[in-house]
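Comments concern the structure below.
Residues: numbered from 1 along the sequence shown.
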Amino acid sequence: MVERSDPSALRWLIGNELRHYRNEAGKTAASAAKTIGCSAGKITHLETGRYQQQPDEISALLDFYGVARHDIERLTSLAASSNSHTWWAPWANVVPDWLKTFVGLEGLARSEFNYETALLPGLMQTAAYAHAATNSTGFVRPDHSERFVSFRVTRAQRLSQEDPLNLHAVIEESALRRRIGDSDTRREQYRHLLELGDQPNVTIQVIRAQDGAHAGVCGPFFLLHFDAARPIVYNELLEGAVYLQNPDQVSTYTMAARNLQEVAMQPEDSLALIEELLHD
């Protein structure tokens, strides 16, 4: 089963928080460095997650920034939970760095909202569907295809392990109807979606063209919420990704997610539509 802990993702998450609080306090990297007796370069490395952040350093820096005690305790506790295990290590040579960061964060998240337009969410894909989708895009080398699919399947265990991720997916109907693989592949995928939809930690909503305008004009996106860190928005590009953690930006995407949920079909009606597609 997939382990939630991922030290590289933890460092990235903590680093973003440190940079946010330093900027909010109007402090320079040089002044922060004097607080813990290091170079300004080390502060930069702590904020980018290149260096492991130590609880005592985090506490001293956040105290210097004037951060509330409960937030200091939250981040020092997060730093103390890091260990040496990185679940995606066996696939390190087939998974791009920007995706490693995301799946690491996904492993730490309490909940995830995902809006998809062209393909079904990666966490919900069967092995056959993932294989067909991977081969169709051409973004993965043919000799890496099988291993990348096994990575996706392992990643999906996050939905069924102890203390699973709470996933809310809003999927465009066109993604459901897109011809990925053969008819058997699609039927297996529909059955898998129906099984996932019965899980208490998974919510599926389908949004149709006739449902009208909605706030998803920005395209597919992910919204991750954590127990011990501020939420993050993830936007995937063709050859990279954009991570947003500014509260105003996250608030905009949170409103977009709420609008999509309001416009889309209700979960029970969405599952009924998938059932119809299964028997078409």
Side chains of Glu275 and Tyr190: any donor to acceptor distance under 3.5 Å?
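Result is no, nothing qualifies.
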Could you tell me whether the side chains of Asp56 and Ser59 share a donor-acceptor contact shorter than 3.5 Å?
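Ser59 and Asp56 do not have a side-chain donor-acceptor pair below 3.5 Å.
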ring-ring contact (aromatic ring centres under 6.0 Å, His included) contacts touching residues 237-280 (sequence neighbours left out):
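Non-adjacent pairs meeting ring-ring contact (aromatic ring centres under 6.0 Å, His included): Trp12-Tyr243, Phe221-Tyr253, Tyr234-Tyr243.
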Applying ring-ring contact (aromatic ring centres under 6.0 Å, His included), which residue pairs with at least one partner in residues 46-69 are found, sequence neighbours left out?
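Listed once each, the pairs are His45-Tyr51.
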Partner of Ile58 by side chain to side chain contact (heavy atoms under 4.5 Å, CB included), out of Val67, Ile72, Thr76, Leu46:
Thr76
When you look at Val250 and Ile232, which way does the side-chain contact (heavy atoms from CB on, under 4.5 Å) test go after all the steps?
CA-CA 7 Å; Val250 172; Ile232 290 175; over 6 Å; no
Can you name the residues that form a side-chain hydrogen bond (donor to acceptor under 3.5 Å, both in side chains) with Asp280, not counting sequence neighbours?
none
Taking the side chain as every heavy atom from C-beta outward, state whether [X] and [Y] have any atom pair closer than 4.5 Å.
{"X": "Val233", "Y": "Gln249", "value": "no"}
{"X": "Ile36", "Y": "Ile43", "value": "yes"}
{"X": "Lys34", "Y": "Ser31", "value": "no"}
{"X": "His168", "Y": "Glu112", "value": "no"}

Can you tell whether the side chains of Glu106 and Arg158 come within less than 4.0 Å, N to carboxylate O?
no
